Every structure is written in C-alpha cells, then in structure tokens.
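Everything quoted here is computed from the prediction, not taken from an experiment. Computed over heavy atoms, backbone and side chain alike; hydrogens, waters and symmetry mates excluded.
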Amino acid sequence: MAQELVQAIADLNEKEAVALTRSLLEKGVSPLEVLDDCRAAMQIVGERFEAKQAFIPELIFAGEILKQITEIVKPYLQREATAGKKLGKVVIGTVQGDIHDIGKNIVVFMLEINGFDVTDLGVDVPADRFVQAVKENGAGIVGLSGFLTVAYEPMKQTVQALRSAVPGVKIMIGGGPINEQIREYTGADAWGKNAVDAVVIAKQWVGA
Amino acid sequence: MTAEWKTMTPEQKYEALWAKFLSTEGKPFASPQVAELYRHRVQRLKDVCELKKPDSVPILLAVGNYVAEYAGISHGDMMYDYDKMAEAILKFNVDFDLDYQVAGNGLPGKAFDRLGFRTYRWPGNGLPKHMPFQMVEDEYMLPDEYDQLIADPEGFFLRVYMPRIMKSLEGWKMLPSLYGVMELPMALILLGTLTVPAVQEGFQAWIDAGRLAAEFFAAAGKAGAQLTFQHGMPNYLGGFTKAPFDIIGDTLRGTRGIMIDMYRQPDKVLAAVERLVPIATQMGIEAAMSAGLPLVFIPLHKGADGFMSTKDFNRFYWPTLKAVCEGLIAAGCVPFLFVEGGYNERLDALADSPLPAGKSMWMFDYTDLTEVKKKLGSWACFGGNVPVSLFYAGTPQQMADHVKKLIDTVGQDGGYFIAPGAVIDNARPENLHAFIQTAREYGKY
C-alpha cells in the first residue's frame, strides 16, 4: 500500500495524486495495488462524509480524481481482474416520472467504491424494467431514487411489482422528499438520506 | 423609477411598497368587505414580517404541480391550454379557500417551444402530458468560461449562454458588441450582423415568443385578478431571484461542475458569485416593482446541510446571498428565503451574520424551527416545516397534530407564519383541508 497516494486522494490533492499514480506505475507497482489504494482512500472520504467532515463537493471531487487515476491505470491493466470479490449486486434507478440523477449518481459511485456490483438503469425507469433487471442479474438489493414528490406513487408501484415478481429482494429508497413516512407508504425495506446511508444499509443486508 | 423614489431612504421605500400592496383605493374589489379582507390579510403579513403578533398566524402555501392534479387537468394543459390553466388556478384557490393565492406551475409552454429551451423538459417537450416540467442538469457554461462571465455577464448570456440553451437563438452567437451604437459608422458592424438570416431568426423567435406568452399572461392575470378582487386573496410573492452560488450551480455549471470548480478554481467561483450580486439584486427589485409588492422569493438550493461544509457555506454561499438580501432590503424589498433541505448546521453561521431585524422572511423545509426561533428569532420572520410527505402520505389527524404542535412550540410570539416545508406537488385534498382548517382555528392569537 502506498500511504502517500492514499493520503493524497483522501485529502483531495488532485495534482499530487495524479503524479504519484504515474510514478508508482512507472516504478513497476502493480496497477491493482494502485486501485486498492484508491479504494482505501475512498473509504476514508466515505468515513469523513459520515462524520460530517466531508460533504457532496468532496465526494464529487474525489470521484473526479478517481476517474483520472483509473484512466491512467487502464493501459497497465492487462487481463487481470480489475477488482476483488464483490459484496453483492445492486440494481438502481430513478423511478418513472422523475428525470433527476445527481443524487442517484453519487449513491452509485459510493456503492461501487464500497465493493458493490451496481447496475444503473438511469432515470424515468418503469417498474417492469426494475423487475426485469433483477430477474436477469439476480441482484439482492434494489435502490429507488426520486427527487420530486411525483416519485412517491411510482416508487410504491415499483415496490409492489418487485414484491410480487421477485420476493425476497431488499428495497431501499432515497432522495430529497423521502423520509420514514414515505418508506412506510411505499412499503420499501429501508430509506436513506444520503449516499453513506445507502452504503450502510446495503452492507447490513449482505452481512458485510 | 420616479425622481422622488431615488431620494427616499430604505425605510421609506419599504413603507411605500407595503402601502402600495396594502392599498385598496381605486382597485376593482367586489365589495368593501372583500377589500377589507384583502387589506387585513396583507397587514397580517406585514405584521409578522416586522416580528409582531397579528390577529392570527398567516397561512401561506407554496403549491406547484398539485394545482393541475387537483383540478383534474394534465401538466401539459397547465402549459398549453391557458383557459384550462386559469380555471384550474381558480378552482384550487377557491375550493381550499386560501388566504393568499397561489398560481401553481402554469407556464407559457408555446413560447418556450418557439424559443427551443434545452435546459428543461416538459410535457410537450420530451415528457408525456402527465409529467411535470423538470430541469435537465448539464454544463451549460464550460469550466473555462468564468472570465467571460465575470467580464461581461449580460454579454455572456446574450452571445454564449442563450444561443446554447435556446435552439432558436443559435444565430445570436454572431451578435457583435452593442457598444458600436455610439457612432453611426461604428454601428455598421451591428447592422451588418443584423442582415444575417440566423441572427434575424433569433429576433423573430423572440418576437413570436412574446406574442405566444401574451396569451398566457392574459389568462394568468385574469385568474389572479379575480382571486384578488372577488375573493380578497393577495398574491404574496412579487419578485424572484436566486443566490449567486445557485445561479452558477443550478443552470450554468450544474451541481457537479460547480463542486469541482470549488476545488480546481475556487477564486473564479468566488469572483463570479461576487460579480452576480448586483445582477441578482436588480432582478429581484425589478420583479417586485412590476408586481407592486415587496416580497422577493429566493429559493435556496446548494447551500443546504450536506451540500457543502459550513466553512464553504461561509466562503462560497452566504456572503453573496447576504449581499443580495441587503441590496433588496436597501431598495425597500423583503427577501423571502425559501430554504429547501435542511439548514440545521447553518443556523449559527446565519445568527453570527444577521440581516436587519424585521426585514426578511424565511420558509424552512427540514430545519428545526425551535432552533430557528432561538437563533434567528430576534431578526427573522419564519415558518414552514410541515413536510410535503405529510400532505401526501399522512392522515388529516396527523396533519392537525403537526400543525398544532408547530403553533404551540414556535408560533406563540408572532413573527411566524405556517407553511409547508417545500412546494406541494402531490397531496391528498383532505390533508390540505386539515392543514388550513387547523391553522385557521388553532392559529388565532
């Protein structure tokens, strides 16, 4: 583990992180090790987010640094598997009628960093597409996002559709107008107010 | 503005704007009783703004898409069939017997079509009739365009931003500097550009949009006037402006863009928000003046808890928003801050940097009003905090309990209004009735 790189990413020191990545790879350090450092750094950013020492700009900028590092690492990766064992599969999307995706994208990003295999269905996703995706990839967790209250009803319908088609799948919901009352209304298993909540919930469900 | 206005102090302007709002003289009220009802309701608003205790807690609503839904028309009709829109507005306000009228999300869809707006999708432009209009987040201003924006914001809007976000105005990219009009020979460059078909098409679209919007304004104006003069329901929001940080973060750079800029080019972001202060201020004042009432609506977005640290809030967000508020207050206006999300972690920062007492109104969403009262109550009129989820998924009993609890805990001393936490887009009528009835009965002082 290159502690310096972990620190540079976690402290959002973009130039240093990029330069360190280049020099590590040139020195012959395994690209997989660099990606492990990224994960360790993102873990720290996530913890800081949870502790209210980091906020959405920090998450987004950390993601931006990570994206650059991944680009640099790519040519060094041969046919080695790019990541370790996944914690579990998650299907996620913004429900039908709502086309917002900023919040959902942050959740996808945080889940991926934390080792989940995430299938992002995008925005304005009808219930049957959630059902179809879960049936196809056997995901154990579904995340429903909504930014407008117009999402309440489609969320409820999507939960119902999932319950009857794929019983046993765990469903979490999130977004600006979501709270416990809406969790109860929609029949979802859990709700979260931010991306860290989503990770905590998903980890609980897979027993990680 | 009149010569007299220019010589008036902020306090005189403030009183003059309220006097205009309060006045019933020469206005076509249905009866002296309706006129008195109107005047009384405006006075109640002025009292709470000044942190006084009126006869009862004012009941303010913020309603968006629910107007159409309640009236049984589509969101498409709300943007394209202006007679149906006007009927829906009337039905909603009258059925719920509101104290202050709301207009819902009626918009001149035909005019927007003609201009070819790309920043939003709406029923008729990429969305089906039953879906409400929604913004499409993107980088409509590029990361290297800050200097252009800062040097000449209006020029940047005219030649870069507007051609980019409106299909019909693409030709305006070619518009030269307008300063050439100073001299006849120099004006030739401008006139030469005006011969270009794509430039002309932009102006033609602008003229057509004006014609198409006139139809909307006539219908909306008629409904508004009917509510005011037949039912004594004042329209409480005059102007509209935004926090400088949100201007850049919402529809110029987008959430992701501005948040990366906060790290990569913080000085540019700071210079840009600073540059937008007089523009945001002027936008609010102009709209309030044309509406003839002092309240200027300012929806707050990206300064909420979680969106940035309090340190960044104090650096990037609040100073320029505060400057806009102060500018509005200096012009006699009352900033009406619509605080979406939570501001629990911002209250200390606001308390340390207050606005003049009795000159601003704050509507909170998820913020704890007990803390608001404690920390801001000496200078800010406040309300809100009835969750939009309760309007939709709650019961009338739960609603009544919530309203009573709010009035009991934070509404006893005046300077307070009752309102939902955010804009109501979806609701159950019985919950909305319970909100209004409980507030009306229980909110009497």
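A donor-acceptor contact closer than 3.5 angstrom links the side chains of Y263(B) and E58(A).
Across all their heavy atoms, I99(A) and M135(B) have their closest contact at CD1-O, 4.1 Å.
For Y392(B), the part lying under 4.5 angstrom from a heavy atom of chain A is the side chain only. Using a 4.5 Å cut-off between heavy atoms, E137(B) touches chain A through its side chain atoms alone. Of the two parts of D312(B), only the side chain, counted from C-beta on, holds a non-hydrogen atom closer than 4.5 Å to a non-hydrogen atom of chain A. Proximity to chain A involves both the backbone and the side chain of L390(B), based on heavy atoms less than 4.5 angstrom apart. With a 4.5 Å cut-off on non-hydrogen atoms, Y366(B) touches chain A through its side chain but not through its backbone. For Q398(B), the part lying near chain A is the side chain, with the backbone staying farther off; criterion is any non-hydrogen pair under 4.5 Å. Contact of P128(B) with chain A is not made at all, since no heavy-atom distance falls under 4.5 Å.
In this structure, I56(A) and M308(B) have side chains that are not in contact, with every pair of non-hydrogen atoms separated by 4.5 Å or more. Here the side chains of E345(B) and F55(A) are in contact, with some heavy-atom distance below 4.5 Å.
In terms of heavy-atom pairs under 4.5 angstrom with chain A, the leader among H130(B), M131(B), Q134(B), E69(B) is Q134(B).
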